[in-house]
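Everything numeric here is computed off the predicted structure, so don't read it as measured data. Values reported hereafter were calculated over all heavy atoms of this structure, with side chains retained and with hydrogens, waters and symmetry mates removed.
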There are 2 protein chains.
Amino acid sequence: MPRTPGRPRSGIDDTVFAATLATVNSLGYARATVDRIAAEAGIAKTTIYRRWPTKGALITACLVDAFGPAPLTGTDRSQILAAGIRWIAAKIGEPGIGAAFAGVFTDAVNDPELRQILSAQLQDPYRLALQEVLNEPEQRVLFYIDVVVGTLLHRLGMTGRPMVDADVEALVSMVTTALNPPLSPGGPPA
Amino acid sequence: MPRTPGRPRSGIDDTVFAATLATVNSLGYARATVDRIAAEAGIAKTTIYRRWPTKGALITACLVDAFGPAPLTGTDRSQILAAGIRWIAAKIGEPGIGAAFAGVFTDAVNDPELRQILSAQLQDPYRLALQEVLNEPEQRVLFYIDVVVGTLLHRLGMTGRPMVDADVEALVSMVTTALNPPLSPGGPPA
DNA sequence: GTAGTATCGATACTTGAAGTAGCGTAAATC
DNA sequence: GATTTACGCTACTTCAAGTATCGATACTAC
């Protein structure tokens, strides 16, 4: 296994990710500057910028690492979707992750390049997996993602606290009902 | 009608609000600096800071002015809620308003003071009106607001474009179904 | 060993935006 | 006219993102 010459990169990615979440958790997203994250990780700020081009890219990579693969398990489509909703709700509730997610989303609103990074690296893998397992068209899956993630982030953003389990279950019920609409006495919806 | 001595404030609030939306619409929220908004309005930046303590407070006041009262009309609760959803979706689709809304919301995530302003001045009036007209408890109405506003903002944030009518109708259907759950063959939900 | 290459740490710097201070001036009341 | 309050203007402070540079370090190739 021939390696390229030069000093190899030290394995500090995990250290930086942990420092990022810890800093965001203790200081909030706005005060989690790259300087402070670097200090928390015990490395130089310039080292961070050699690996990730912008702060948004760093946070996105951190979230991709923190989320990992979605456990889309269940015996039918409703159960699979419900598992996915409970999983993302729990992740957003973990210390630092929710605030980092909301922060980078917020930054992406007016930054098309970051939006691209966020969409491609964070949303698309889960969207594609959901399309496969639910056998639903892209537009429909994107709608479910808007509903679930938007709701969870709005709650976190307006209250500062993650959504409580009872409301998560209401969300599960609402979305799974939309996925498999019940036949109503007046006939099925057009 | 006795007036206090001193030079009266000139009636520039509407001019500033219009300049704010115009600037946000043409440049995006991030580049809509207070300097540029002041220039667009043809006044000094210091005049803006004499009226609103922070940029977030300015944007919030601008949104309160732009939204106005919600038209919660209809013959039953579902129709009233549907009218409210279509109204806020249309408002968020207007040029500048959606971007300004997403921007302040984003800023509020890590700014408790701004969150307070946003909650008290923008959300609470509509929440209270909804509680009255829907005859639902506060927690339930807050959940609906999270779902509707969160979904609309997530779509705008991830795509840069407001939600199309077909998806707004899917949202209406989903939320009104949750408001008045249909009796399913397996029995009503606990 | 030496040469070459790529990374790290450290310091300093540029840029841009939020918010503040101070001052002269304009428009009102008394 | 005296007082009071708001405006325009310029300059300033503060902070964070991102960049530039340079010496030191850790590896490969010979």
Salt bridge (Lys or Arg N to Asp or Glu O under 4.0 Å) filter on B:Glu138, not counting sequence neighbours, yields B:Arg127

Per the under-4.0 Å heavy-atom filter, residues of residues 7-40 of chain A near DNA chain C come out as A:Arg7, A:Arg9, A:Ser10

Could you pull out every donor-acceptor pair under 3.5 Å between side chains of residues 6-13 of chain A and any protein atom, sequence neighbours left out?
from, atom 1, to, atom 2, distance (Å)
A:Arg9, NH2, A:Arg50, O, 3.1
A:Asp13, OD1, A:Arg51, NH1, 2.5

- Task: Ignoring hydrogens and angles, state whether a donor on the side chain of B:Asn180 or B:Arg77 is under 3.5 Å from an acceptor on the partner side chain.
- Result: yes

Here the residues of residues 47-61 of chain A within 4.0 Å heavy-atom distance, strictly under, of DNA chain C are A:Thr47, A:Arg50, A:Arg51

Residues at least two apart in sequence or cross-chain that pass salt bridge (Lys or Arg N to Asp or Glu O under 4.0 Å) with B:Asp165, listed by chain then number, are none

Residue pairs meeting ring pair (Phe, Tyr, Trp, His ring centres under 6.0 Å), one or both in residues 132-155 of chain A, sequence neighbours left out, come to A:His154-B:Phe105

Salt bridge (Lys or Arg N to Asp or Glu O under 4.0 Å) pairs touching residues 109-119 of chain B, sequence neighbours excluded, are none

Sequence neighbours excluded, the answer for side chain to side chain contact (heavy atoms under 4.5 Å, CB included) partners of B:Thr177 is A:Thr177, B:Ser173, B:Pro182

With sequence neighbours left out, the residues meeting side chain to side chain contact (heavy atoms under 4.5 Å, CB included) with B:Glu132 are none

Residues 9-33 of chain B vs ring pair (Phe, Tyr, Trp, His ring centres under 6.0 Å), sequence neighbours excluded, gives B:Phe17-B:Trp52

One would report the end-axis bend of the helix from C:dG1-D:dC30 to C:dC30-D:dG1, five pairs per end and rounded to 10 degrees, as 10°

B:Lys45 atom NZ is separated from C:dG16 atom P, nearest whole Å, by 14 Å

In whole angstroms, the gap separating P of D:dA16 from CG of B:Asp111 amounts to 14 Å

Quiz: residues 79-102 of chain A side-chain donor-acceptor pairs under 3.5 angstrom, not counting sequence neighbours:
from, atom 1, to, atom 2, distance (Å)
A:Gln79, OE1, A:Thr75, N, 3.3
A:Gln79, OE1, A:Thr75, OG1, 3.3
A:Gln79, NE2, A:Thr75, OG1, 3.4
A:Arg86, NE, A:Glu169, OE2, 2.8
A:Arg86, NH2, A:Glu169, OE1, 2.9
A:Lys91, NZ, A:Ala66, O, 3.1

